[in-house]
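The structure appears below as structure tokens.
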Protein chains: 2
Amino acid sequence: MAIPYEQLDWNALKAFLIAAREGSFSKAANQLGVTQPTLSRQIFNLESELNVTLFERLSTGLKLTDAGSRLLDFVAPMAPTAQNFSLAVAGLTESLEGEVSLSVSEIDALFRLPELIEFIHQQAPSIQLTIHVSNKASNLKQRDADIALRSFRPSEPDLIAKKLTDEPIWFYGTPNYLAKYGHPTQREQIQTMQIIGFERKLTLINHLNSLEWPVAESNFNLVTSFQGLQWELVKRGLALGFFPQAIGDQEPSLTKAFFPLGPVMVLPLWLVTHRELRTSPRINRVFQLISEWFIKKQS
Amino acid sequence: MAIPYEQLDWNALKAFLIAAREGSFSKAANQLGVTQPTLSRQIFNLESELNVTLFERLSTGLKLTDAGSRLLDFVAPMAPTAQNFSLAVAGLTESLEGEVSLSVSEIDALFRLPELIEFIHQQAPSIQLTIHVSNKASNLKQRDADIALRSFRPSEPDLIAKKLTDEPIWFYGTPNYLAKYGHPTQREQIQTMQIIGFERKLTLINHLNSLEWPVAESNFNLVTSFQGLQWELVKRGLALGFFPQAIGDQEPSLTKAFFPLGPVMVLPLWLVTHRELRTSPRINRVFQLISEWFIKKQS
DNA sequence: GAATAGCCATACAAATATGTATACCCGATC
DNA sequence: GATCGGGTATACATATTTGTATGGCTATTC
């Protein structure tokens with residue numbers, strides 16, 4: 001009855017292979033990084049377990065038994081397999097080629113990624129980028145993506161995070177829309193205006209109220225979570241919208257509203273990745289390139 | 001730089017394989033015959049050594065990383081190899097087919113083996129017998145043969161020995177040769193007779209002297225170590241010869257000399273084998289058959 | 001023949017691995 | 001929402017393995 005391979009001591013099989021190759025416990029022990037008595041005991045234990053004498057011990061070294069010779073042929077292929085595994089490990093940990101997945105919000109995908117991807121591709125052309133676009137927080141722990149841009153600090157202790165910037169978020173509108181309301185500069189003036197809303201608008205309303213913006217549901221007649229549509233509706237002069245300053249200021253048809261009051265809020269932008277940053281040169285490289293790009297953009 | 005396969009922990013590779021297959025440390029631990037914390041630590045150590053994260057740990061179990069998936073493909077072939085090895089072990093320890101080598105002296109080869117081999121072949125036809133004929137003691141430890149018939153007890157502690165019989169050794173001669181010397185019955189009468197000598201005849205002379213046979217070099221004018229020729233020369237009436245009683249009595253043309261004085265000496269006959277008797281069904285079987293044959297021959 | 005080097009096996013002390021117990025997390029069910 | 005079952009990680013006690021030191025054997029060299 002054959003012992004299941006799960007129950008076999010694979011290190012003892014390795015020891016058998018090396019001892020047979022070297023013809024000596026002393027020499028094989030050197031190769032294995034153990035001492036001769038240890039190896040002697042390991043082979044003895046293997047022989048006991050298998051109920052087969054693998055070697056005769058001579059004072060001049062080892063002599064394979066017939067059984068030993070025969071079994072050696074069966075176990076020998078494990079060595080090249082293990083070596084191929086080790087080469088694959090080295091290839092994985094040392095190579096800059098391969099795929100890195102990046103998770104970003106819709107607005108970042110529309111306004112930042114074109115330029116950022118061009119930058120990354122110039123710096124590391126062998127890296128394949130896969131972009132996941134979602135406004136939901138990517139689950140990096142479950143490997144939805146390797147790297148994410150997020151506007152909140154990650155709470156998972158396993159993730160690695162770097163803060164890229166603090167982004168002012170302003171109300172933006174067309175000059176015509178703002179002229180229609182007299183170029184408002186007081187918070188109370190917002191009560192007669194429209195703001196593009198998200199799906200969870202009660203949360204948004206409460207949050208703006210806590211920031212002392214006296215808004216109500218009547219200010220949110222247009223609701224969409226798709227940030228690209230928000231952008232287009234604001235550009236058509238239908239309502240105000242919230243946008244990061246770095247993005248809003250790039251659009252000539254939009255201008256900040258309530259300018260003397262400053263930004264509505266400030267959101268952090270975090271670059272997040274999972275533990276593999278420490279072992280994957282590719283992920284590490286992309287992480288660094290994104291970081292550099294934001295630094296450049298701020299200077 | 002790839003780690004040499006000798007330095008890899010093959011049991012950890014096995015653990016990786018099984019954990020990936022089961023998708024759970026708890027289940028894999030069961031398969032491996034260890035506990036979950038042990039397996040958890042083993043994989044942690046492997047990840048540290050390889051500098052690669054193989055699994056993400058979820059409270060619902062394990063999720064292979066990209067790296068883990070990729071490396072799994074490289075290490076997977078080790079499992080069938082190990083299983084083939086285990087099957088080969090089982091085949092070796094359980095099979096009655098295969099070769100057994102037997103070492104015997106010339107005289108046994110000539111007079112006993114024909115009948116013994118026929119008996120063994122009838123009882124175990126799948127076993128291949130290889131017969132080594134030599135008057136030198138076979139070195140069983142060095143695997144010159146699996147089993148030996150010897151007229152002295154083995155001194156090597158590693159060998160397994162069974163005493164088959166105590167063989168009387170007689171002087172034999174033709175009736176004509178004995179009549180020529182008056183059918184001798186006194187030890188002194190041997191001084192005028194010829195005895196077939198071995199190559200080391202001084203040792204033989206000393207030994208016979210110690211047994212109170214008054215012989216000298218002049219009694220050994222014919223010397224050969226080839227036992228078959230000794231036999232033929234004695235049958236031609238040229239001299240006396242020493243033969244085991246069981247063999248000498250089978251030859252009608254020969255008769256015991258000095259019969260009232262009894263055998264010249266008594267030599268034991270041992271059946272010897274190496275440790276593999278305990279693990280090889282074939283060797284065990286041949287050992288037993290030989291033993292049985294001698295028992296039958298004596299009754 | 002004596003000395004030396006190389007080899008394997010064994011006893012005892014030290015180091016390492018493993019098992020037990022426990023805490024925490026998540027998902028499913030009631 | 002509370003409970004249960006399944007899962008992983010960690011601390012501490014226990015068991016096992018390994019290293020060090022030593023002895024015995026053989027082959028080679030002087």
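Below, read A as the first sequence line, B as the second, and so on, with proteins coming before strands; counting in each chain starts at 1. This is a predicted model, so every value here is computed, not measured.
- The CD1 atom of Ile43(A) sits 16 Å away from the C1' atom of dC7(C) (whole-angstrom rounding).
- Considering only heavy atoms from C-beta on, Leu164(A) stays 4.5 Å or farther from Glu167(A) through its side chain.
- In this structure Ser291(B) satisfies the side chain to side chain donor-acceptor pair (under 3.5 Å) test together with Lys162(B), sequence neighbours excluded.
- Glu106(A) and Gln227(A) get closest at one heavy-atom pair: OE1-N, 2.8 Å.
- Straight-line distance from the CG atom of Asp9(B) to the P atom of dT16(C): 15 Å, rounded to whole Å.
- Of the options Asp146(B), Val100(B), Leu113(B), a side-chain contact (heavy atoms from CB on, under 4.5 Å) to Leu129(B) is made by Val100(B) and by none of the others.
- Here dC7(C) presents its C1' atom at 13 Å from CG of Asn30(A), a figure rounded to the nearest Å.
- Under the side chain to side chain donor-acceptor pair (under 3.5 Å) criterion, Thr53(A) pairs with no residue, sequence neighbours left out.
- Rounded to an integer number of Å, the gap from Asn11(B) CG to dA17(C) C1' is 12 Å.
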Each nucleotide in nucleotides 5-13 of chain D should get exactly one letter: B, S or -. Can you fill that in based on protein heavy atoms under 4.0 Å? -BSBBBB--

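- Look at Thr38(A) and you won't find any side-chain N or O under 4.0 angstrom from OP1 or OP2 of dT18(D).
- Following rounding to the nearest Å, Glu56(A) (CD) and dC7(C) (C1') show an atom-to-atom distance of 15 Å.
- Taking the six-membered ring for Trp and thresholds of 30 and 60 degrees, Phe16(B) and Phe55(B) have ring planes more than 60 degrees apart, a perpendicular arrangement.
- Distance, Leu39(B) CG to dT18(C) P: 10 Å, rounded to whole Å.
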